[in-house]
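All values reported here derive from a predicted model rather than from experimental measurement. Quick note: residue numbers are just sequence positions, from 1.
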Amino acid sequence: MPIRPRPAGPLRAALDDINEAIRQLMRQPSSRRRTETYHELLNQWCELTRSDVEPAA
């Protein structure tokens with residue numbers, strides 16, 4: 001199944017922001033706070049993409 005790129009817009013910008021936050025976070029030393037922040041960012045990603053994922057499931 002081919003991957004369709006998302007159109008530019010607020011959702012795309014939000015996902016790009018989350019990706020950048022994860023990249024910066026992974027540059028920090030491992031810690032409990034880093035783990036918690038990583039989980040928060042993943043939850044944000046899931047919430048933003050839920051409308052795409054649920055119909056596919």
Side-chain angles (χ1 to χ4, degrees):
M1 179 169 161
I3 297 173
R4 295 176 301 170
R6 289 189 167 278
L11 179 57
R12 176 68 183 254
L15 294 175
D16 287 344
D17 290 346
I18 292 171
N19 281 338
E20 185 57 33
I22 290 172
R23 283 185 200 98
Q24 291 178 13
L25 186 65
M26 292 299 113
R27 293 184 191 118
Q28 299 174 9
S30 182
S31 69
R32 180 180 212 133
R33 180 67 189 136
R34 185 180 96 163
T35 301
E36 291 168 357
T37 303
Y38 181 67
H39 285 274
E40 291 169 11
L41 291 167
L42 288 180
N43 285 332
Q44 289 176 25
W45 179 276
C46 290
E47 286 302 315
L48 290 172
T49 58
R50 184 177 308 277
S51 64
D52 289 340
V53 174
E54 285 181 347

*Please round to the nearest 0.5 Å and tell me the distance separating atom CD1 of I18 and atom CH2 of W45.*
7.0 Å
*Atom CG in L41, atom CD in E36: separation rounded to 0.5 Å?*
12.0 Å
_Taking salt bridge (Lys or Arg N to Asp or Glu O under 4.0 Å) as the definition, give me every residue that meets it alongside R27, ordered by chain and number, with sequence neighbours left out._
none
*By salt bridge (Lys or Arg N to Asp or Glu O under 4.0 Å) - contacts of D16 (at least two apart)*: R12
_Stepwise side chain to side chain contact (heavy atoms under 4.5 Å, CB included) test for R34 and M26_ = CA-CA 8 Å; R34 185 180 96 163; M26 292 299 113; 4.1 Å; yes
*Flag for Q44-E40: side-chain donor and acceptor within less than 3.5 Å*: no
*Might you work through the side chain to side chain contact (heavy atoms under 4.5 Å, CB included) test for T37 and R33, ending with a clear yes or no?*
CA-CA 6 Å; T37 303; R33 180 67 189 136; 3.4 Å; yes
